[in-house]
Q: 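Dropping a structure here in structure tokens format, bear with me for questions.
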Amino acid sequence: MTLDEEALERLRKRVLAGGAEKYHAANAGKGKLFARERVALLVDDGSFVEDGLYANALSDGLPADGVVTGQATVAGRPVCLMANDSTVKAGSWGARTVEKIIRSIERAYQTGVPMIYLVDSAGARITDQVDLFPGRRGAGRIFWNQVRASGSIPQVCALFGPSAAGGAYIPAFCDVVAMVDGNASMYLGSDRMVQMVTGEKTTLEEMGGASVHTRESGVGHFLCETEAEALDTVKRYLSYLPDNWTGQPPAAVPTDAPSTVDLAALVPASERQAFDMRRYARGLLDDGSFFEIQALWAKELTIGFGRLAGEVVGVVANNSMFKGGVLFVDSADKATRFIQLCDAFNVPLLFLSDVPGFMVGAAVEKEGIIRHGAKMITAVAEATVPKICVVVRKAYGAGLYAMAGPGFDPDATIALPTAKIAVMGAEAAVNAVYANKIAAIADDEERAAFVAAKRAEYERDIDIVRLASELVVDAIVEPHELRAELIRRFAAARGKERHFSRRRHGVTPV
Ligand SMILES: CCC(=O)SCCNC(=O)CCNC(=O)[C@H](O)C(C)(C)COP(=O)(O)OP(=O)(O)OC[C@H]1O[C@@H](n2cnc3c(N)ncnc32)[C@H](O)[C@@H]1OP(=O)(O)O
């Protein structure tokens with residue numbers, strides 16, 4: 001078939017318009033943009049080069065087979081991308097959709113550039129399953145490629161609509177997922193399927209909406225009000241990462257820390273009083289540079305990127321505002337993945353410790369707190385990027401190990417003058433050792449005096465100067481000197497030898 005210029009232009013226009021008008025109207029009614037508008041908002045003007053525009057050009061009704069793929073630049077840096085077009089069979093994957101997505105990931109991996117997934121899809125196109133589902137270049141190959149690319153190139157997803165069944169794994173294999181509140185959802189079986197299989201009556205929003213995944217399951221990382229916000233989040237995320245695992249995170253023009261935060265005043269003397277470690281991190285980092293990830297999930301642990309004198313660091317911090325900063329199953333998982341992300345992309349790690357330890361009790365034991373904690377400690381041990389542990393207030397029990405304490409090959413363990421490092425807090429320790437003796441003292445005053453004396457003895461034992469004199473901590477630093485100290489120490493650790501163990505990979509507790 002030969003085409004004259006006009007016919008080609010007609011065909012191109014038809015394909016660029018996507019699916020039926022009723023689906024465009026339905027999307028607009030929900031505040032959803034067209035896939036091509038999303039791409040235009042994401043990439044630098046005029047930078048997009050599209051592949052596979054004419055997929056299915058000979059069969060009517062499935063323009064581009066429901067996915068836009070190609071290469072572009074974002075903030076001047078190269079990326080590969082895919083964007084589901086939900087006006088074409090609800091963005092479901094036909095054979096060519098799958099091939100286009102596979103080629104995109106392969107190109108991103110081979111050229112060492114980030115892969116961006118703009119997802120809005122019904123998953124596998126059930127009516128075409130033999131062509132797209134089981135074969136060597138079937139849908140499974142998308143995931144195989146995602147797993148191969150994981151930690152080699154950044155993979156980031158913005159989710160605008162459903163990502164049903166197999167489609168839900170694309171976000172799951174990404175480093176992070178930004179979800180648009182009210183429209184985005186992820187689930188393995190639709191509400192109709194759930195009712196058929198289990199009898200449960202639910203909705204897509206209830207089961208797999210943005211709020212559920214960013215607050216409860218942890219599969220989503222950012223809850224966004226609008227599509228534009230989700231796309232900005234993708235751009236901001238990429239601004240902290242190199243193009244691939246061989247590069248260094250891009251430095252920015254250094255700024256001062258905000259002058260409004262008094263770090264010393266922020267930490268209450270009493271361990272029983274909570275303070276917001278996010279404010280502490282903001283006060284320590286370059287002004288406006290803190291970019292929190294998974295802010296709504298497992299809030300007892302805060303993670304995110306920031307900058308010190310323009311250089312990127314990954315922050316892992318206990319937050320006593322939530323559950324006293326104790327580590328739970330979800331917070332251990334949250335930390336594990338973030339530490340692996342930073343280690344993969346050469347982002348130095350800053351641990352801000354104020355941790356009473358891991359949670360104890362029947363409920364968390366049944367949830368597997370031991371293996372989740374072991375997973376976090378494994379990630380800390382395996383991370384070979386520069387890592388510095390700052391004991392801001394306390395590091396008790398295995399919490400010290402989870403926060404990159406001295407045994408975990410940190411480049412430095414720094415303590416504030418009021419910091420405490422111990423196997424447990426004084427109250428718990430005295431109770432553990434002297435419970436029988438305390439119970440045997442009948443007189444209230446005498447009992448109180450005994451407990452106070454034992455606590456004082458314990459506090460003397462774990463005195464921070466004593467720990468420094470025994471080389472447990474490398475430095476005791478005043479809060480107002482901490483930022484400058486960290487800048488110097490991270491600079492000194494840059495470029496260090498990175499090797500952990502002689503083996504293919506460990507057998508990780510999961
Ligand atoms: C790897 C294994 C897998 O991925 S199995 C995939 C399983 N997927 C599903 O069960 C999702 C089924 N689809 C849905 O639940 C809905 O379509 C969702 C995604 C919620 C979107 O709803 P809504 O925006 O109202 O669209 P709609 O249902 O009116 O559909 C529009 C047109 O698309 C079609 N469609 C939808 N999903 C599929 C699919 N998975 N395979 C084939 N076709 C699909 C609908 O039939 C409809 O087509 P038409 O325009 O009427 O011709």
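Both counts, for ligands and for their atoms, begin at 1 and track the order of listing.
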Q: Would you please test M207 and L204 for side-chain contact (heavy atoms from CB on, under 4.5 Å) and show each step?
A: CA-CA 5 Å; M207 172 173 60; L204 298 188; 4.0 Å; yes
Q: From atom 8 (N) of ligand 1, is the closest protein heavy-atom distance below 4.0 Å?
A: yes
Q: Kindly compute the distance separating CD1 (I170) from CG (L159), expressed to the nearest 0.5 Å.
A: 10.5 Å
Q: Without swapping roles, check the side chain of D286 against the backbone of G310 for a donor-acceptor pair under 3.5 Å.
A: yes
Q: Run the numbers for me: atoms of ligand 1, each under 4.0 Å from some heavy atom of R125, listed by number.
A: 41 (N), 42 (C)
Q: Within 45 degrees of the axis of the six-membered ring of F408 and under 6.0 Å from its centre: does K387 put its NZ or CZ there?
A: no
Q: Given the protein's heavy atoms, is any one of them under 4.0 Å from atom 46 (O) of ligand 1?
A: no
Q: Under the 4.0 Å line, does any protein heavy atom show up next to atom 23 (P) of ligand 1?
A: no
Q: Would you check whether Y187 reaches within less than 4.0 Å of ligand 1, judged by its heavy atoms?
A: yes
Q: Yes or no: does P162 have any heavy atom under 4.0 Å from an atom of ligand 1?
A: yes
Q: Looking only at non-hydrogen atoms, which of A124, A90, G161 approaches atom 39 (C) of ligand 1 most closely?
A: A124
Q: Quick check against the 3.5 Å criterion: does S163 have a side-chain atom that pairs as donor or acceptor with the backbone of S185?
A: yes
Q: I need the nearest protein heavy-atom contact for atom 52 (O) of ligand 1: residue, atom name and distance, please.
A: K89 NZ, 2.6 Å
Q: Which of the atoms of ligand 1 are close to A165, meaning less than 4.0 Å from one of its heavy atoms?
A: 3 (C), 4 (O), 5 (S), 6 (C), 7 (C)
Q: Between the main-chain N or O of K30 and the side-chain N or O of N183, is there a donor-acceptor pair closer than 3.5 Å?
A: yes
Q: Considering only protein heavy atoms, which is closest to atom 14 (C) of ligand 1, and at what distance to one decimal place?
A: R192 NH2, 4.4 Å
Q: Ignoring hydrogens, just give me the one of S163, A168, A122 whose non-hydrogen atom is nearest atom 12 (C) of ligand 1.
A: A122
Q: Please list, in number order, the atoms of ligand 1 under 4.0 Å from a heavy atom of G166.
A: 1 (C), 2 (C), 3 (C), 4 (O)
Q: Does atom 49 (P) of ligand 1 have a protein heavy-atom neighbour under 4.0 Å away?
A: yes
Q: If the contact criterion is a heavy-atom separation under 4.0 Å, does Y23 count as touching ligand 1?
A: yes
Q: Do the side chains of D120 and K32 get close enough for a salt bridge, i.e. N-O under 4.0 angstrom?
A: yes
Q: side-chain contact (heavy atoms from CB on, under 4.5 Å) with H221: which of V156, I303, V176, D175?
A: V176
Q: Please report the C-alpha distance between M115 and M82 in whole Å, then the side-chain angles of each, then the deciding distance to 0.1 Å, and finally whether the side-chain contact (heavy atoms from CB on, under 4.5 Å) criterion is met.
A: CA-CA 8 Å; M115 178 70 206; M82 58 131 282; 3.7 Å; yes
Q: My question is simple, although I want it checked carefully: is atom 16 (C) of ligand 1 less than 4.0 angstrom from any protein heavy atom?
A: no
Q: For atom 10 (O) of ligand 1, which candidate among V98, L188, I126, L62 provides the closest heavy atom?
A: I126
Q: If only atom types and distance count, is the side chain of S47 paired as donor or acceptor with the main-chain N or O of T73 below 3.5 Å?
A: yes
